[in-house]
Amino acid sequence: MVFVTKSASEHFSYPRTSTKVSKLFSGIPLVDLTKPDSKQLIVNACEEYGFFKIINHGVPMDFITRLESEAIKFFSLPLSEKEKSGPPNPLGYGNKHIGKNGDVGWVEYLLLTTNTESISQRFLSVFGNNAEEFCSALNDYISAVKKMTCEILELMSEGLKIQPRNVFSKLLMDEQSDSCFRLNHYPPCPELQGLSSASTRNVIGFGEHTDPQIISVLRSNNTSGLQISLRDGSWISVPPDQNSFFINVGDSLQVLTNGRFESVRHRVLANGLKSRVSMIYFGGPPLSEKIAPLQSVMNAEEESMYKEFTWFEYKKSAYSSRLADNRLGHFERIAAA
């Protein structure tokens, strides 16, 4: 059973499902982007899990290690310095409080725009003379990951046999794309220190949720903590791999595929001994983009499961909800009795 102790309860919320924490799950779908079967493996993974792991991704390891190093430098600053970059609204530095609706976790984070030229001087002033170095590392990383993400989305289109090939990727390539980038730091949690490996006590680092965008691309260091929920509601722990990327299907992609792909519910548990640093690229469409099931994905007699909405409308709804809420519930069509 997942629970927190009384002394930590001021800072953490309970997950909504009381489940035993599983051992590391070795069955995470693996996709090699250099192999010809990658497009079908991507479709299969999106249908079964809404989640998969990418290897041979083409993102230079130097870009990854440089940005992680810059992130560690930032999170190592005194809290009073980091707080000059907050509070998040929604961009900026946050500590324990996730959003404005009562969600909390054992985490501190930076939420940034993917347009490095738009990053505020207030934030960059925290870095002092190193601001240019941080922006350079961020720009190199985002550019490479965005390119890889668009390749994945185009392989997805090919696997679904829909045209044009860039039907998904063009939403991220649009100059008005509302994508964002997140750096998370989960420090060692004192509540968990000294416990045996057999203990079932856990503290929530980041509560269970789905991502509202089209697609999310995660990279973390070699500290465990990430879990995903299977279709039966059980939770499995994802083995960390600092050399690979993990891909999440987002709510918007679930709608675009009329539920054929399902956004993955995931969470992070805190670690008692080691810090976890993760970097997530959230690929989103332009704010004015209308999101609705694509006719090319649906069968001739298949009906749309969702009402049409703009990304602005869905984003506004998502930001006004709790993490664990079923955000798509407000946009589902109710079948006639």
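No hydrogens, no waters, no symmetry mates; every other heavy atom, side chains included, goes into these values. These numbers were taken from a predicted model, which means no experiment stands behind them.
- Glu68 has a carboxylate O that lies under 4.0 Å from a charged side-chain N of Arg219, or vice versa, which qualifies the two as a salt bridge.
- Atom CZ of Arg265 sits about 13.5 Å away from atom CG of Leu230, to the nearest 0.5 Å.
- His266 places a side-chain N or O within 3.5 Å of a backbone atom of His209 that can act as its donor or acceptor partner.
- Taking CG from Asn248 and CD1 from Ile214, the interatomic distance works out to 14.0 Å, rounded to the nearest 0.5 Å.
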Less than 3.5 Å apart, which donor and acceptor atoms pair up between the side chains of residues 142-149 and the rest of the protein, not counting sequence neighbours?
| residue | atom | partner | partner atom | Å |
| --- | --- | --- | --- | --- |
| Ser143 | OG | Asn139 | O | 2.8 |
| Lys146 | NZ | Leu172 | O | 3.4 |
| Thr149 | OG1 | Val145 | O | 2.6 |

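- Each of Val277 and Leu269 belongs to its own hydrophobic cluster when Ile, Leu, Val, Met, Phe, Trp and Tyr are linked at side-chain heavy-atom distances under 4.5 angstrom.
- A salt bridge links Glu262 with Arg231: at least one charged nitrogen is closer than 4.0 Å to a carboxylate oxygen.
- Between Val264 and Phe51, the shortest heavy-atom contact is CG2-CB, 4.2 Å.
- A donor-acceptor pair shorter than 3.5 Å cannot be found between the side chains of Glu48 and Asn44.
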- Item | Full working for side chain to side chain donor-acceptor pair (under 3.5 Å) between Ser278 and Arg182 | CA-CA 8 Å; Ser278 62; Arg182 188 180 191 106; over 6 Å; no
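- Cluster membership for Leu79 and Ile72, using ILVMFWY side-chain heavy atoms within less than 4.5 angstrom, is not shared.
- Between Phe331 and Tyr314, the ring-plane angle classifies as perpendicular under the 30° and 60° cut-offs.
- The side-chain hydrogen bond (donor to acceptor under 3.5 Å, both in side chains) contacts involving residues 150-169 comprise Glu154-Arg165, Glu154-Ser169, Glu158-Arg165, where partners must be two or more places apart or lie in separate chains.
- A distance of 11.0 Å separates CE of Met156 from OG of Ser38, quoted to the nearest 0.5 Å.
- Between Thr310 atom OG1 and Lys316 atom NZ the span is 10.0 Å, to the nearest 0.5 Å.
- In this structure, Phe181 has its ring center at least 6.0 angstrom away from the ring center of Phe282.
- Remark: the backbone N or O of Gln227 is not paired with any side-chain donor or acceptor of Arg267 at under 3.5 angstrom.
- The aromatic ring centres of Tyr93 and Tyr109 sit 6.0 Å or more apart.
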- Please walk me through it: do Lys82 and Glu108 pass salt bridge (charged side-chain N to carboxylate O under 4.0 Å, His left out)? CA-CA 10 Å; Lys82 290 181 286 191; Glu108 58 176 343; 2.8 Å; yes
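- Under the 3.5 Å distance criterion, the side-chain polar atoms of Asn222 are matched with a main-chain donor or acceptor of Gln242.
- In summary, Lys73 and Glu70 engage in a salt bridge, as defined by a charged side-chain N under 4.0 Å from a carboxylate O.
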